[in-house]
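Below you'll find the structure, written out as structure tokens, and then a few comments.
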2 protein chains.
Amino acid sequence: MKDLKINNQPVTLVDQVEAKLLEYIKTEDLNPGSSMPNEQTLAKALGVARGVLREALSRLRMLGLIETRTQRGMVLKEPSILGGMLRVADPLLLSELSLLDVLEFRVALELGISSDIFRKITKKDIEELEVIVEKGIILEHNEYALASEYAFHSKLYEITGNQTIIQFQKIINPIITFVKDKFEENFKPINIELEKENRIVTHADLLECIKTGDVNAYRDKLDCHFLIYSIFLNEKRKLSKK
Amino acid sequence: MKDLKINNQPVTLVDQVEAKLLEYIKTEDLNPGSSMPNEQTLAKALGVARGVLREALSRLRMLGLIETRTQRGMVLKEPSILGGMLRVADPLLLSELSLLDVLEFRVALELGISSDIFRKITKKDIEELEVIVEKGIILEHNEYALASEYAFHSKLYEITGNQTIIQFQKIINPIITFVKDKFEENFKPINIELEKENRIVTHADLLECIKTGDVNAYRDKLDCHFLIYSIFLNEKRKLSKK
DNA sequence: TTATTCCTATTTGTAGGACAAATATAATAA
DNA sequence: TTATTATATTTGTCCTACAAATAGGAATAA
């Protein structure tokens, strides 16, 4: 076992069993609902103690890949592609570098769904956005109350109808909120400057583009709406290179 | 334990221990490199058998949150935000619906990083893209050989310098490749039609926009480059609604 | 015949003990 | 002081036993 290491961590029997179980599931072409052999059988087949097998199965259970039932045994499920992220997407667990990556990722994604939004939006969606914008609480310098910010932007994600994108945005929202709070003092002067230059884009501005169906104007304004993050990230990246 | 279920799955002691460990790590404000109490101590503190604790710790190990060392004990690490995705991002594990979500996610993301690319790109990057485009192998109807397709697009991701985005694209690439292969017969007629309408955008076209610095033209052309996916996804989504 | 209830067998979940394996640290020698 | 060796410590693995929770079959009632 001495020579079996990844990232200087020994590759334990549990790691190996986990990999073998994944392989088994894939090669047997098992589908959600399929049963797997019971623990005793699997442990014997893999030549490990039941405890080791259980540790590996526990991992699969966490991934959502299996459900376990007394008597029936283990049943396959489709894993959640973002299930792992859900567990670790916490500002207390991640480095600042990763948090900034996520912020940038989120900005890029929202710019990227613009075409999808315009393609898929309904009259009802627009009405809902109107309500959100009307009820939105604006603090100073185009800062929105957290709930207003979340309501508007998550509605945009919902319009895509893409469950993975929608779930992604929900998962990372605590990170976005945290970063905005932590670096409030950095964001404030940027915002004031943007305000002076008349480069503030409100939710109402964005909604106006949506209503007129001008996706290019929407993208430009959204890019501008997020300029505060781009400027902030550029500054942080510059500092971190020194 | 009868009343403690989530999604009709019993919440086991292992689930509870996992949650408590995560809570402990967060509330103790532990950082990468910090040590945790050893297994015996933790098991006693949590009032569970060592086996149960080990199952929960095994999960944390999988997430990359802890490293385990004999004598030293367990040491905290920063988890990889995409580590869980890496394990399940496999076409053999995911439903078709999820695969299509991922395809759409990827398209949106690449559209979304356009501003970042133009902001961050260097002369060297452009030269590398030129080499990639020159060496690119084009099949018929603007289909690129897999390696050429991957080389061009992954270079774009690399230009962002955002490690999370870069890793994301790598992780989902097998999915993208699988979907393109599986639905080849669907893509072909769309491609032929786009070719007739002169709506084919090549990597060389995109590179030209990059070189002239026209981000809006780039976005339009990229949207067009991905039109085949948008049309395909719309058709699949229409069918699945009936 | 069908529906409901009860019972049994089966499997997972948990506990505890033992010992091997791999360090990390302390002690000793050069 | 540095290098080597020995020891203590902790994780990794194995085993046994039994509790808990079904799942499915059998029996009974309508």
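Letters A, B, ... mirror the listed sequences (proteins, then strands); counts begin at 1.
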Rounding to an integer number of Å, can you tell me how far [X] [atom1] sits from [N] [atom2]?
| X | N | atom1 | atom2 | answer |
| --- | --- | --- | --- | --- |
| L42(A) | dT12(C) | CG | C1' | 13 Å |
| D15(A) | dT11(D) | CG | C1' | 13 Å |
| L53(A) | dC14(D) | CG | C1' | 13 Å |
| I66(A) | dT11(C) | CD1 | P | 15 Å |
| R54(A) | dT14(C) | CZ | P | 7 Å |
| E39(A) | dC14(D) | CD | P | 15 Å |
| Q9(B) | dA21(D) | CD | C1' | 12 Å |
| L60(A) | dT12(C) | CG | P | 13 Å |

Pairs under 3.5 angstrom only: tabulate donor-acceptor contacts from the side chains of residues 23-32 of chain A to other protein residues two or more places apart or in another chain.
residue, atom, partner, partner atom, Å
K26(A), NZ, D90(B), OD2, 2.9
T27(A), OG1, E23(A), O, 2.9
T27(A), OG1, Y24(A), O, 3.4

Task: Whether F232(A) and F187(A) hold their rings parallel, tilted or perpendicular, with breakpoints at 30° and 60° - done: tilted
Task: side-chain contact (heavy atoms from CB on, under 4.5 Å) assessment of V52(A) paired with L46(A) - done: CA-CA 10 Å; V52(A) 169; L46(A) 292 165; over 6 Å; no
Task: Side chain to side chain, N162(B) and D116(B), heavy atoms closer than 4.5 Å - done: no
- [ ] Under the ring-ring contact (aromatic ring centres under 6.0 Å, His included) rule, collect the residues that match up with F152(A), sequence neighbours excluded.
- [x] H203(A)
Could you give the side-chain donor-acceptor pairs of residues 66-74 of chain A under 3.5 Å, partners two or more places apart or in another chain?
residue, atom, partner, partner atom, Å
E67(A), OE1, R69(A), NH2, 2.8
T68(A), OG1, R61(A), NH1, 3.1

Task: Short side-chain to backbone donor-acceptor contact, D125(B) and I159(B), under 3.5 Å - done: no
- [ ] Measure from the side-chain heavy atoms of R61(A) and tell me the nearest of dG13(C), dT14(C), dT11(C).
- [x] dG13(C)
Would you mind writing out the side-chain donor-acceptor pairs for residues 174-183 of chain B within the sub-3.5 Å range, not counting sequence neighbours?
residue, atom, partner, partner atom, Å
T177(B), OG1, N173(B), O, 3.0
K182(B), NZ, E96(B), OE1, 3.3

TODO: Name every residue in residues 67-76 of chain B that has at least one heavy atom under 4.0 Å from any atom of DNA chain C, in order of residue number, or write none if there are no such residues.
DONE: R69(B), T70(B), Q71(B), R72(B)
Task: L21(B) vs R59(B), side-chain contact (heavy atoms from CB on, under 4.5 Å): CA-CA, chis, key distance, verdict - done: CA-CA 11 Å; L21(B) 289 173; R59(B) 292 177 179 189; over 6 Å; no
All N/O contacts under 3.5 Å from nucleotides 15-18 of chain C to the protein, with atom names and distances to one decimal?
residue, atom, partner, partner atom, Å
dA15(C), OP2, A49(B), N, 2.9

